[in-house]
Trainee: 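Before I ask anything, here is the structure I am working with.
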Amino acid sequence: MKFIFVTGGVVSSLGKGIASSSIGLLLKQRGLKVTLQKFDPYLNVDPGTMSPFQHGEVFVTEDGAETDLDLGHYERFIDTNLAQKNNVTTGQVYQAVIQRERRGGYLGKTVQVVPHITDEIKSRILAAGDDGSNVDVVITEIGGTAGDIESQPFLEAIRQLRLELGRDKTLFIHLTLVPYIRAAKEIKTKPTQHSVKALREIGIQPDILLCRTEVPLNKEIRSKIALFCNVHEEAVIEARDVPSIYHVPLNFHREHLDDIVAKLLDLGDAPPDLSDWEAMVKRMAAVDEEVDIAICGKYVHLNDAYKSIIEAFTHAGIANDVKVNIAWVDAEDITAQTAHRILGDVSGVLVPGGFGDRGIAGKLEAIQYARTNLLPFLGICLGLQCSVIEFARNVCGLEDAHSSEFSPDTANPVIDLMEDQKTKSDKGGTMRLGSYPCVIKSGTLAERCYGSTEIGERHRHRWEFNNRYRDLFAMNGLVISGTSPDNRLVEIVELRDHPFFIAVQFHPELKSRPNRPHPLFKALVKAAKEYKRSSRFAAAKQLKP
Ligand code: GLN
């Protein structure tokens with residue numbers, strides 16, 4: 001097994017996750033078995049307890065781990081399901097070490113960062129590839145920026161691993177920024193030099209530099225970086241800005257990154273088969289039609305909070321040969337008065353997941369608008385719960401219907417806390433998490449979307465549809481089209497009298513892949529495309545004040 005470590009320098013947000021994913025894709029397409037892992041330097045055990053405003057989306061894996069959103073990129077690029085062990089935080093490392101200490105596992109020793117924390121980190125790196133599936137390459141991304149206090153134990157651990165495993169089994173790739181100063185018309189290499197210096201101070205000499213830049217790096221600049229940073233010139237890779245994240249692996253390949261990695265780690269010289277990926281990127285670039293779909297949520301000012309949804313729309317757009325423009329709508333802005341002005345121009349509405357009651361009233365308005373104007377609609381998790389509340393109030397006449405999450409004393413808790421949640425006091429990792437099977441009713445929109453009656457989807461919630469209301473809702477035209485196999489949990493609802501209105505308790509966005517768009521997103525975008533071409537769209541636009 002070979003190990004690649006990806007570190008970052010100069011500033012954050014350079015795209016270490018995408019870079020790692022791209023390397024993973026290139027190696028996978030060279031016929032290697034690849035896995036990816038991320039280390040996060042914070043003390044939370046996982047991001048599940050963090051606000052989306054702090055952290056962005058929480059990506060949930062099949063096995064129910066709440067992980068960093070980079071895991072979503074990994075899964076989408078290497079088209080492989082990952083698990084809890086693929087995301088390790090400082091919190092988890094310390095928790096394991098301290099628990100072992102309490103059990104007497106250190107036999108009287110003083111427990112220290114070196115060697116005990118670093119040993120724990122190393123064992124997690126080795127375990128990432130140790131799943132009996134003959135992994136050839138483990139790519140470990142170290143969160144944070146070189147020089148941070150928080151990521152030092154991780155860097156120390158990978159330094160030790162190189163010593164223990166040898167040069168031919170380990171590779172250090174450093175992602176850095178080479179800024180272009182517009183006023184001086186100059187490309188600056190100094191930040192990169194400093195960042196590599198910070199790594200060298202702790203004993204890490206990068207083998208490859210990925211240089212983020214907005215302009216091409218000429219030979220002169222490359223040799224300067226090579227000389228000052230002590231890397232081979234061919235290993236100074238230009239990582240220029242590209243139109244989409246899906247162009248990154250193709251760019252890296254053109255820069256011979258995978259050849260260099262393969263040479264340094266002795267991974268063979270078979271070229272990667274990028275034909276499917278290239279075709280996907282080409283198809284994406286060739287679209288000449290657009291649809292606008294509104295996402296009405298609470299965290300719309302931070303796109304990272306809805307990362308997988310954005311990507312799922314990209315994939316669904318490619319499959320439908322349209323570009324999906326997302327209209328970000330702050331749910332708090334939607335009222336009965338503003339709904340038409342805000343939503344009159346879009347061809348579809350999505351209400352995503354969320355927590356807390358801020359923005360709920362606006363989400364209900366958006367749903368009512370989509371329902372009554374026959375606008376294609378997809379509700380996800382809290383989006384399903386709001387759809388049920390809206391239907392209860394405005395169609396079934398239960399004016400005080402609510403979720404007990406927001407109104408604990410309502411006489412009509414159409415959304416209620418799941419039975420097994422009532423006794424849970426810890427907040428971290430205690431929701432209904434991960435993949436569960438769902439059975440779809442034949443003859444429904446859900447069945448038409450999935451083309452199947454048995455599916456598995458990933459969950460992250462505590463509340464659920466209250467079964468007491470099933471009959472009343474059914475009588476009024478709400479179809480329960482998917483349930484848990486024992487029929488106790490409602491997983492999908494749709495409207496009998498609407499061309500495309502579907503809401504799901506799970507998170508479909510987590511399973512969408514570039515070349516395998518999620519069936520619900522694909523169907524929503526198709527419905528939106530048809531809606532836009534229909535006279536209903538023209539009529540709705542005309543109505544606009
Ligand atoms: N807050 C709701 C629940 O816990 C919805 C969660 C979500 O949308 N992910 O059930």
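Keep in mind that the numbers below use all heavy atoms, side chains included, and drop hydrogens, waters and symmetry copies. Indexing begins at 1, ligand by ligand and atom by atom, following the structure's order. Quick caveat: nothing in here was measured; it's all calculated off a predicted structure.
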Trainee: Got the closest protein heavy atom to atom 3 (C) of ligand 1, with its distance?
Mentor: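 Sorting protein heavy atoms by distance from atom 3 (C) of ligand 1 puts R462 N, 3.5 Å first.
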Trainee: Quick one: side chain to side chain donor-acceptor pair (under 3.5 Å) partners of Q95, sequence neighbours excluded?
Mentor: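 Per chain and number, Q95 pairs via side chain to side chain donor-acceptor pair (under 3.5 Å) with no residue.
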Trainee: Are F5 and F154, when compared by the centres of their aromatic rings, separated by less than 6.0 Å?
Mentor: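 No, the ring of F5 stays outside the 6.0 Å limit from the ring of F154, centre to centre.
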Trainee: Taking 4.0 Å as the limit for heavy-atom contacts, which would you say applies to E464 with ligand 1: side chain only, backbone only, both, or neither?
Mentor: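 It is neither; nothing of E464 touches ligand 1.
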Trainee: Under the side-chain hydrogen bond (donor to acceptor under 3.5 Å, both in side chains) criterion, do H55 and N44 qualify, and how do the steps go?
Mentor: CA-CA 11 Å; H55 184 271; N44 302 62; over 6 Å; no
Trainee: Is the closest side-chain donor-acceptor distance between T35 and N86 under 3.5 Å?
Mentor: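 There is such a pair (donor and acceptor under 3.5 Å, judged by atom type) between the side chains of T35 and N86.
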Trainee: Could you tell me, atom by atom, which parts of ligand 1 come under 4.0 Å of a heavy atom of H507?
Mentor: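 In order of number, 9 (N).
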Trainee: Pairs of nitrogen or oxygen atoms closer than 3.5 Å, one from Q505 and one from ligand 1: do any exist?
Mentor: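 Between Q505 and ligand 1 (N or O atoms, distance only) the closest approach is not under 3.5 Å.
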Trainee: Working note: H315 + F521, criterion ring pair (Phe, Tyr, Trp, His ring centres under 6.0 Å); need CA distance, chi angles, decisive distance, verdict.
Mentor: CA-CA 8 Å; H315 310 156; F521 279 86; 9.0 Å; no
Trainee: Nearest protein heavy-atom contact for atom 10 (O) of ligand 1: which residue, which atom, what distance?
Mentor: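 Result for atom 10 (O) of ligand 1: W463 N, 2.8 Å.
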Trainee: Check for me whether Q385 has a heavy atom closer than 4.0 Å to any atom of ligand 1.
Mentor: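 The answer is yes, since Q385 has a heavy atom less than 4.0 Å from ligand 1.
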Trainee: E75 pairs by salt bridge (Lys or Arg N to Asp or Glu O under 4.0 Å) with which of R458, K511, K38?
Mentor: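 Going through the options one by one, the only one that passes is R458.
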Trainee: For atom 1 (N) of ligand 1, what's the nearest protein heavy atom and its distance?
Mentor: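 Here the closest protein heavy atom is E405 OE1, 2.8 Å.
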Trainee: Look at atom 5 (C) of ligand 1 and say which protein heavy atom is nearest, naming residue and atom and giving the distance to 0.1 Å.
Mentor: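 Protein heavy atom at minimum distance: G354 O, 3.4 Å.
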Trainee: Honestly, is R393 close enough over F391, meaning NZ or CZ under 6.0 Å from the six-membered ring centre and within 45° of the axis?
Mentor: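 Negative - R393 is either too far from the ring of F391 or too far off its axis.
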Trainee: Quick one: look at R460 and ligand 1, take heavy-atom pairs under 4.0 Å, and tell me if it's side chain, backbone, both or neither.
Mentor: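 Backbone only.
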Trainee: Quick one: does M431 get within less than 4.0 Å of ligand 1, heavy atoms only?
Mentor: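 The answer is no: ligand 1 sits nowhere under 4.0 Å from a heavy atom of M431.
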Trainee: Tell me which one of C381, C386, G353 gets a heavy atom nearest to atom 7 (C) of ligand 1.
Mentor: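 Ranked by closest heavy atom to atom 7 (C) of ligand 1, first place is C381.
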Trainee: Does a side chain donor of either N412 or T410 reach within less than 3.5 Å of an acceptor in the other side chain?
Mentor: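 N412 vs T410: no donor-acceptor pair found between side chains.
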